> 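This is the structure, below, for whatever I ask next.
This structure is a prediction, so every number in the text was calculated from the model and none was measured. Positions are given from 1, in the same order as the sequence printed here.
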Amino acid sequence: MPRTPEPHLSHNTGAARLRLRDRLQLQLSAQQALPLLVLLALIIGICAGLVIIAFRELSEGPMILYLPQINDFESLPPLWRFLLPMSGAVLLGLLIQWISPSARATGVVHVLDRLHNHQGRMPTRNAVLQFFAGSLALLSGQSVGREGPAVHLGAASGSWVAQRLRLPHNSVRTLVACGVAAAIAASFNTPLAGVVFAMEVVMLEYTVAGFLPVIIAAVSGSAATRLAFGHQAAFSVPAIELESLGELPILFVCALLIGALASTYIASQRRLAPMQQKLSPILRFSIVGLVTGTLAIWVPEILGAGYDTLEMAMLGQLGVSTLIMIVLAKTLATAVGTGLGIPGGVIGPSLILGACIGGAAGHIANLWLGEATANPGLYAMIGMAAMMGALLNAPLAALLAILELTYNANVLFPGMMTIVVACLVSRQLFDTEGMYQESLRALGKSGTPSWRQQMLSRVGVASVMERAFAVTPQQLDRVQAERLIDQKPAWLLVGGESKPLMLRTADLANFLQRPREQEPGEAHEDREEKIDLLRLPGERLELAPLSWRATLLEAQLALEKSGAGALYIGRDYDQGFAGVLNSDVAGIILPQHIERYYRQ
């Protein structure tokens, strides 16, 4: 007669006996391995910095073959100003048409979607497409910036490292933010703005445990690009300041206009973003190329990243009529481009739009008030911060970005007021959120997570799961049952006919304590008689499997989706769930574990 296999007791394998990698991963799951996170952030920052260096070389280096200097699209004859963006858009359409739809998503919106809805897993195919397609978009003069591709590539660097090391999903979120911060810092030489952008726009939270790794990643990413491109500020502008407080009303009106324009731009993305799922890439991008090329015939300043135009606006070298023309043409070209899916960013164009509006306001103020007003360049700098803050719903990141881009602390005082007004106009008067969140909704994807979801995403199941359990066969003899009770597991996990089930050890103990003569069907005392655990009086909980890398938010969603009473956690459940209880089960999660953490 075959002997019943002995039950496997999980709690006998204590934390002291775990392998070093297991202990580190458990600490990461509980956000307790801060030194390890900082070390990983340092590595990710360097990786992201190297990727951004390669991206900048590819997206700017070939320009010397057809331009006198980088981004000098204004020097091209009118015909070439039309043909270059048109032909580039068609090539992009052909390239993306050839790629499967699942690999086409790029940019910051894609990063937010993967972070909040897919545990930060960034597909490599999308990142490769972003690298080459983003470079082609900039080389062909599309009206987009390089920050969107940079954010995607930085986030993909962090996600790649986390996936190779098979880290818990709550740590993946932090490392993705590290990659984003490093990418922003490397793109503009703005490490502080990179940190705040990652926390304010991507992570949507401020925590000490999140800040420290993100800071070191931004520093290492910025250091990498400083070695490659130098440490000078992105723009060389004088340290000008307000002449009097009487200029604040002018800036107030300017902020109203900027907030209204930001809302108009966001509204255009609501309308255009769904077209990405309805029209073919060739048709969409041909429309973008036609619009951009046609506008560039008369307003060549809209082509490319436009940082030369941005610097001229900050120096007050562009007239009012030119600035207004740039605003109108740049708004239309960029809205159509980003709305229809050109793989580029919107931060650079937002800076140009804000600088042009602010610069025009500064020129008008000079005409009205004469020498009592500051140089139009200061108005341009303040306008940059206001437009970026209102468009992205990231006021602090915008303020710090302008400070680091210009090295002019005089923008802080008027910039703070202008950003607040522009953001209030956009959010309250026109009822719009940040562009990225609105674009996510327009594409039918989940937008901003709730504060409860954010909180549950910070912690992995491995840090709160119950380990005092035993995996046991359905039938035991009394000797095995008594031995099992002596080891004091809280729960017994049993493989059922359809789904694994769980019951309290106390129910088995109560059954064994009952007088023998009261047991149903008991004819005589037999120590070898089998006890069917699934027939004992007591509560039964159905079990569903979950990966040990999951967060508490994923556990909550798995409980809701499966309808199970509890989850069993194991390392073998990353790709496919076998639904088999074995020695790889590491713990169990019950609804009260999630509720207890939530209430704490």
> Is a side-chain N or O of R173 found less than 3.5 angstrom from the main chain of Q119, in a donor-acceptor match?
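A pair under 3.5 Å: no.
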
> State the CD-CG distance between E311 and L405, to the nearest 0.5 angstrom.
11.0 Å

> Between S439 and M435, is there a donor-acceptor pair closer than 3.5 Å when you use the side chain of the first and the backbone of the second?
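Yes; judged by distance alone, with no hydrogens or angles, the pair exists.
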
> Cationic tip of R56 within the cone over F229's six-membered ring, i.e. under 6.0 Å and within 45° of the normal?
yes

> Take R549 and E554 through the salt bridge (charged side-chain N to carboxylate O under 4.0 Å, His left out) test and state the conclusion after the steps.
CA-CA 10 Å; R549 301 171 66 187; E554 293 175 76; over 6 Å; no

> Should we count CE of M63 as having more than 12 external heavy atoms under 6.0 Å?
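Check passes, neighbour count above 12.
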
> Mind checking the CG-CE spacing from L310 to M381? Nearest 0.5 Å is all I need.
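Interatomic distance, L310 CG to M381 CE, rounded to 0.5 Å: 10.0 Å.
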
> Ion pair present between K330 and E301, side-chain N to carboxylate O less than 4.0 angstrom?
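So K330 does not pair with E301 through a salt bridge.
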
> What's the shortest heavy-atom distance between A262 and A390, and which atoms?
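That closest heavy-atom pairing would be CB-CB, 3.8 Å.
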
> Could you tell me if the side chain of V144 sits less than 4.5 Å from the side chain of V346, heavy atoms only?
no

> Counting distance only, does the side-chain N/O of T551 pair as donor-acceptor with the main-chain N or O of H169 below 3.5 Å?
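No; judged by distance alone, with no hydrogens or angles, the pair does not exist.
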
> Which pair of heavy atoms, one from A333 and one from I302, lies closest together, and at what distance?
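For A333 versus I302, the nearest heavy atoms are CB-CD1, 4.0 Å.
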
> Could you check L91, L95, I96 and say which one makes a side chain to side chain contact (heavy atoms under 4.5 Å, CB included) with F285?
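The residue from L91, L95, I96 that satisfies side chain to side chain contact (heavy atoms under 4.5 Å, CB included) with F285 turns out to be I96.
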
> Any heavy-atom pair between the side chains of P85 and S140 that's under 4.5 Å?
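Counting from C-beta outward, S140 and P85 never come under 4.5 Å.
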
> Between NE2 of H118 and CG of D113, what distance do you get to the nearest 0.5 Å?
4.5 Å

> Of L396, T190, V214, V201, which meets side chain to side chain contact (heavy atoms under 4.5 Å, CB included) against V196?
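In the set L396, T190, V214, V201, the residue that makes a side chain to side chain contact (heavy atoms under 4.5 Å, CB included) with V196 is L396.
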
> Nearest heavy-atom pair of G49 and T225: which atoms, and what distance?
O-CG2, 4.1 Å

> Mind checking the OG1-CD spacing from T338 to Q276? Nearest 0.5 Å is all I need.
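With rounding to 0.5 Å, OG1 (T338) is 8.5 Å from CD (Q276).
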
> Which atom pair, heavy atoms only, marks the closest approach of R146 to P149?
O-CD, 3.5 Å

> Flag the pair L399 / M416 as yes when at least one side-chain heavy-atom distance between them is below 4.5 Å, and no otherwise.
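They are in contact (side-chain heavy atoms under 4.5 Å apart), so the answer is yes.
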
> Starting from the C-alpha separation in whole Å, work towards a yes-or-no answer on side chain to side chain contact (heavy atoms under 4.5 Å, CB included) for Q97 and R284.
CA-CA 11 Å; Q97 183 73 42; R284 287 189 280 121; over 6 Å; no

> Could you tell me whether a side-chain N or O of E404 sits under 3.5 Å from a main-chain N or O of A185, the two making a donor and an acceptor?
no

> Judged by atom type as modelled, is there a donor-acceptor pair below 3.5 Å linking the side chain of Q142 to the main-chain atoms of G289?
no

> For residues L272 and V336, report the shortest heavy-atom separation together with the two atoms involved.
CD1-CA, 3.9 Å

> Please check if any side-chain donor atom of T292 sits under 3.5 Å from a side-chain acceptor atom of S143, or the reverse.
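Checked: T292/S143 side chains show no N/O donor-acceptor pair below 3.5 Å.
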
> Taking side chain as C-beta onward, heavy atoms only, is F188 less than 4.5 Å from E147?
yes

> Is there side-chain contact between R458 and E205, with heavy atoms separated by less than 4.5 Å?
yes

> Would you say the side-chain atoms of R427 pair up with the backbone N or O of E433, donor to acceptor, closer than 3.5 Å?
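Not a single qualifying donor-acceptor pair exists.
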
> For a quick test of reading the model, state the closest non-hydrogen atom pair linking G120 to V176 and the distance between them.
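Where G120 meets V176 most closely, the heavy atoms are O-CG2, 3.7 Å.
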
> Out of curiosity, F197 CZ to I184 CD1, how far, rounded to the nearest 0.5 Å?
5.0 Å

> Restricting to salt bridge (Lys or Arg N to Asp or Glu O under 4.0 Å), what partner residues turn up for E57, sequence neighbours left out?
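If we apply the salt bridge (Lys or Arg N to Asp or Glu O under 4.0 Å) test to E57, skipping adjacent residues, there are no hits.
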
> Report yes or no: does Y265 contribute a side-chain atom to a donor-acceptor pair with the main-chain N or O of T334 at less than 3.5 Å?
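Between the backbone of T334 and the side chain of Y265 there is a qualifying donor-acceptor contact (under 3.5 Å).
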
> Can you confirm whether R452 sits close enough to Q556 that some side-chain heavy atom of one is under 4.5 Å from a side-chain heavy atom of the other?
yes

> Quick one: does T406's side chain have a donor or acceptor within less than 3.5 Å of a partner on I402's backbone?
yes

> Scan residues 150-163 for pairs that pass side chain to side chain donor-acceptor pair (under 3.5 Å), counting only residues two or more places apart or in two chains.
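For residues 150-163: Q130-H152, S159-Q163.
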
> Working to the nearest 0.5 Å, report the span between CG of N71 and CD of E60.
6.0 Å

> Give me each pair satisfying salt bridge (Lys or Arg N to Asp or Glu O under 4.0 Å) with a member in residues 260-272, each pair once, sequence neighbours excluded.
R270-E438

> Counting N and O atoms only, with roles assigned by atom type, does the side chain of S562 sit under 3.5 Å from a partner on the main chain of A558, one being a donor and the other an acceptor?
yes

